[in-house]
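In what follows, chains carry the letters A, B, and so on, assigned in the order in which the sequence lines appear, proteins first and then strands, with residues in each chain numbered from 1. Please read all numbers here as calculations on a predicted model, not as lab measurements.
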Protein chains: 2
Amino acid sequence: MQLSLDVDSDVPIYQQIRDRIVEALAEGELAEGSALPSTRQLGSDLAVNFHTVNKAYDLLRHEGLIRVNRKSGAVVRRDPESGPPDPAFPDEWRARLRTLLAEAVAQGLDPGEVGQRVGEVLEGFGHEGFSHGESGREEFSGAGNAVVKGGPT
Amino acid sequence: MQLSLDVDSDVPIYQQIRDRIVEALAEGELAEGSALPSTRQLGSDLAVNFHTVNKAYDLLRHEGLIRVNRKSGAVVRRDPESGPPDPAFPDEWRARLRTLLAEAVAQGLDPGEVGQRVGEVLEGFGHEGFSHGESGREEFSGAGNAVVKGGPT
DNA sequence: CTTCCTGTTCTATTACATGTATAACAGGTA
DNA sequence: TACCTGTTATACATGTAATAGAACAGGAAG
């Protein structure tokens with residue numbers, strides 16, 4: 001697993017961390033039950049403050065994608081006790097999808113080509129994604145497999 | 001044309017304005033040559049400062065989607081003199097698409113259903129979008145057809 | 001020419017977001 | 001006991017968002 005950050009991006013660091021983990025979930029790279037590194041550990045690997053990582057984990061928890069406790073750290077799992085999935089999610093998601101697709105069309109990309117690109121990405125997520133895990137606990141990120149792009153210029 | 005804002009959103013106002021206009025472009029609701037309202041006019045309609053609208057127009061101009069001059073105000077058009085389209089756009093766009101799709105899959109939406117939703121949105125943009133305009137100048141927004149959601153609580 | 005509306009630029013202020021930092025506390029593990 | 005975990009609180013520096021007022025330049029219309 002490669003967790004890459006771009007320090008020069010306008011996207012906040014905690015958002016990038018959250019995004020990369022969500023993508024790993026969709027890819028099936030992080031199966032249900034997989035352990036995530038501790039906030040301090042990941043912060044150390046990425047050379048960012050552990051509060052920043054904590055903020056990313058907070059996002060994921062509020063989205064119902066991970067479960068966190070002191071005993072076992074952060075674990076990939078939809079927590080049954082964190083309430084039902086947000087019922088407003090589909091509509092909000094669709095609105096964001098609409099904006100993103102409009103951007104591509106406005107920039108001149110052919111609608112057909114756009115559809116094709118979507119298909120390619122969905123193929124990568126395929127049918128092995130999330131909630132089909134075997135509850136095996138693979139390591140998500142040990143020491144030294146973090147990559148940071150950009151940096152001091 | 002309905003330009004709706006959500007003041008309670010975490011999305012900045014200038015970004016919302018930019019997003020709505022991009023969507024109108026993709027829909028073909030704003031054809032090439034269409035006049036956009038002046039920053040002061042639109043700011044007045046939306047009850048926001050004209051600097052905020054100006055920021056949205058700045059974004060659109062840097063994206064090459066509109067052309068602005070003192071004579072005719074803001075006009076929908078890819079300005080030939082504002083340089084070629086950003087060559088990095090397709091890759092950056094694909095990265096954002098990947099994140100957005102991953103979010104849906106991680107939340108449990110079926111990949112097939114996701115693909116279907118994408119198709120629906122693209123249908124709406126269809127083949128009438130952008131750069132097929134007749135250079136006719138329709139009014140984009142007159143007085144009173146702006147809608148603001150949310151507000152003081 | 002004068003008046004009006006346009007975009008553009010400059011400065012300033014208030015409020016919030018971001019990221020880092022230090023410290024302390026609670027709970028499970030070795 | 002010692003260690004590592006998550007959690008919370010506070011503080012600080014920096015940047016962004018949004019508003020506001022003022023001024024200037026250029027085209028349009030009287």
Chemist: Provide, to the nearest angstrom, the distance between the CG atom belonging to B/L5 and the C1' atom belonging to D/dA18.
Modeler: 13 Å

Chemist: Quick one: A/L59 CG to C/dA17 C1', roughly how many Å, whole number?
Modeler: 13 Å

Chemist: Identify which nucleotide among D/dA18, D/dT19, C/dT20 has an atom closest to any side-chain atom of A/T52, counting heavy atoms from C-beta outward.
Modeler: C/dT20

Chemist: If only side-chain N and O atoms of A/K55 are considered, is one of them under 4.0 Å from the OP1 or OP2 phosphate oxygen of C/dT18?
Modeler: yes

Chemist: Given B/R98, which of A/E120, A/E27, A/E123 fulfils the salt bridge (charged side-chain N to carboxylate O under 4.0 Å, His left out) condition?
Modeler: A/E27

Chemist: Determine whether A/L101 and B/W93 make a side-chain contact, defined as any pair of heavy atoms from C-beta on separated by less than 4.5 Å.
Modeler: yes

Chemist: Using atom CG of A/D10 as one end and atom P of D/dT16 as the other, report the distance to the nearest whole Å.
Modeler: 10 Å

Chemist: Counting distance only, does the side-chain N/O of A/E63 pair as donor-acceptor with the main-chain N or O of B/Q107 below 3.5 Å?
Modeler: no

Chemist: Could you grab the distance from atom CZ of A/R96 to atom CG of B/L100, nearest 0.5 Å is fine?
Modeler: 5.5 Å

Chemist: Considering all heavy atoms of both residues, which atom of A/L42 and which atom of A/Y57 are nearest to each other, and what is their separation?
Modeler: CD2-OH, 3.7 Å

Chemist: Encode nucleotides 21-27 of chain D as B, S and - characters from 5' to 3', where the letter depends on protein heavy atoms closer than 4.0 Å: B to the base, S only to sugar-phosphate, - to neither.
Modeler: BBB-BSS

Chemist: Closest heavy-atom contact between B/L122 and A/P111?
Modeler: CD1-O, 3.7 Å

Chemist: For the side chain of A/S38, counting heavy atoms from C-beta on, which of D/dG6, C/dG7, D/dT8 is nearest?
Modeler: D/dG6

Chemist: Taking 4.0 Å as the cut-off, does a side-chain nitrogen or oxygen of A/R67 come that near to OP1 or OP2 on D/dG6?
Modeler: no

Chemist: Using the test salt bridge (Lys or Arg N to Asp or Glu O under 4.0 Å), find all partners of B/R40 that sit at least two apart in sequence or belong to another chain.
Modeler: none

Chemist: For A/N54 and D/dT8, give me the distance from atom CG to atom P, rounded to whole Å.
Modeler: 8 Å

Chemist: Grab the CD1-P distance between A/I13 and D/dT14 for me, whole Å please.
Modeler: 16 Å

Chemist: B/V68 side chain: which of C/dT20, D/dT8, C/dT8 is closest?
Modeler: C/dT8

Chemist: Looking at D/dA17, I'd like to know if its phosphate oxygens (OP1 or OP2) sit under 4.0 Å from a side-chain N or O belonging to B/Y14.
Modeler: yes

